[in-house]
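It should be emphasised that the depicted structure is a prediction, and the values quoted were computed from it without experimental measurement.
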Amino acid sequence: CFADVKISNTSYKKFTCGGKSMCFEESGEYTLPSCEYSFPKNSEKGDNAKIAAQKALTPDQLLQNRIYTREFKKRWETAVINFYLKGLENFCGIQHENEQKEHDEEEAKQAWIPDEKK
């Protein structure tokens with residue numbers, strides 16, 4: 001669960017009325033106070049189409065899952081870069097100047113971020 005997630009105007013407009021009521025606006029930016037990943041309920045063998053549709057995720061839940069995934073990836077990348085830089089600092093005794101830090105951050109991204117992002 002993430003708290004106070006900033007969302008774009010485009011994402012805000014995709015929410016239904018119920019989803020928009022969860023967000024609040026502050027100086028032109030929209031914030032989602034709480035963002036959780038929702039899992040669909042498992043359908044059972046005897047479920048008909050109507051029951052299966054009731055167990056599916058709502059459009060707001062699907063949008064919130066996309067926002068959660070995007071936020072998770074962003075925070076994961078930051079954590080990996082910080083971990084890499086701390087490792088360099090602690091194990092190699094490297095102290096970072098601004099230029100060196102930018103270089104090392106780029107190196108960390110190349111080394112740790114999945115291939116689809118490269």
Side-chain angles (χ1 to χ4, degrees):
C1 180
F2 295 118
D4 297 330
V5 177
K6 302 266 189 237
I7 59 172
S8 65
N9 289 343
T10 308
S11 293
Y12 176 77
K13 289 176 184 175
K14 290 179 183 178
F15 275 118
T16 62
C17 291
K20 287 179 181 178
S21 68
M22 294 187 307
C23 301
F24 60 89
E25 181 184 6
E26 188 175 297
S27 56
E29 292 185 339
Y30 294 100
T31 303
L32 192 59
S34 175
C35 186
E36 295 181 7
Y37 194 87
S38 300
F39 294 95
K41 295 178 183 167
N42 292 332
S43 57
E44 297 172 9
K45 194 173 187 178
D47 288 351
N48 59 24
K50 183 177 180 181
I51 294 172
Q54 290 172 346
K55 290 183 176 183
L57 295 176
T58 66
D60 283 344
Q61 288 174 317
L62 291 171
L63 179 58
Q64 202 168 27
N65 282 355
R66 284 194 295 275
I67 292 169
Y68 179 92
T69 303
R70 184 179 19 201
E71 189 69 19
F72 181 85
K73 285 180 182 178
K74 188 175 14 174
R75 292 185 187 201
W76 179 258
E77 288 174 8
T78 302
V80 166
I81 290 169
N82 287 337
F83 177 77
Y84 182 82
L85 293 175
K86 287 289 183 189
L88 284 177
E89 190 175 305
N90 291 332
F91 296 113
C92 301
I94 298 173
Q95 296 296 323
H96 295 94
E97 299 297 328
N98 285 339
E99 286 183 27
Q100 182 66 30
K101 185 175 181 181
E102 289 174 10
H103 175 270
D104 288 345
E105 284 177 358
E106 195 58 41
E107 185 180 313
K109 283 181 186 177
Q110 296 301 319
W112 291 78
I113 295 179
D115 288 336
E116 71 238 15
K117 284 240 162 174
K118 287 184 180 177

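- Residues G19 and D60 come closest through the heavy atom pair N-OD2, 3.1 Å.
- No more than 12 heavy atoms of other residues, nucleotides or ligands lie within 6.0 Å of CZ in F72, so this atom counts as exposed by the packing criterion.
- Among residues two or more places apart in sequence or in another chain, the side chain to side chain contact (heavy atoms under 4.5 Å, CB included) test is passed with T10 by S8, K14.
- Residues D4 and F24 approach most closely at OD1-CZ, 4.2 Å, considering heavy atoms.
- The hydrophobic cluster containing L57 also includes L62, under a criterion of side-chain heavy atoms closer than 4.5 Å among ILVMFWY residues, counted directly or through chains of members.
- Between the CD atom in Q64 and the OG1 atom in T69 there is a gap of 10.5 Å [rounded to 0.5 Å].
- With rounding to the nearest 0.5 angstrom, the CD1 atom of I7 is 8.0 Å from the OH atom of Y12.
- To the nearest 0.5 Å, the span separating CZ on R75 from OG1 on T78 amounts to 9.0 Å.
- The CZ atom of F15 lies 4.0 Å from the CD1 atom of I67; values are rounded to the nearest 0.5 Å.
- Ring geometry for F2 versus Y68: interplanar angle of 30 to 60°, hence tilted.
- Every pair tested for side chain to side chain donor-acceptor pair (under 3.5 Å) that includes a residue from residues 32-41 fails, sequence neighbours excluded, so the list is empty.
- In terms of heavy atoms, V5 sits closest to C35 at CG2-CB, 4.0 Å.
- Annotation for N9 and G28: closest pair OD1-O, 3.9 Å, computed over non-hydrogen atoms.
- To the nearest 0.5 Å, atoms CD (E26) and NZ (K6) are separated by 6.0 Å.
- Of all non-hydrogen atoms in S11 and R70, the two that sit nearest each other are OG-NH2, 3.7 Å.
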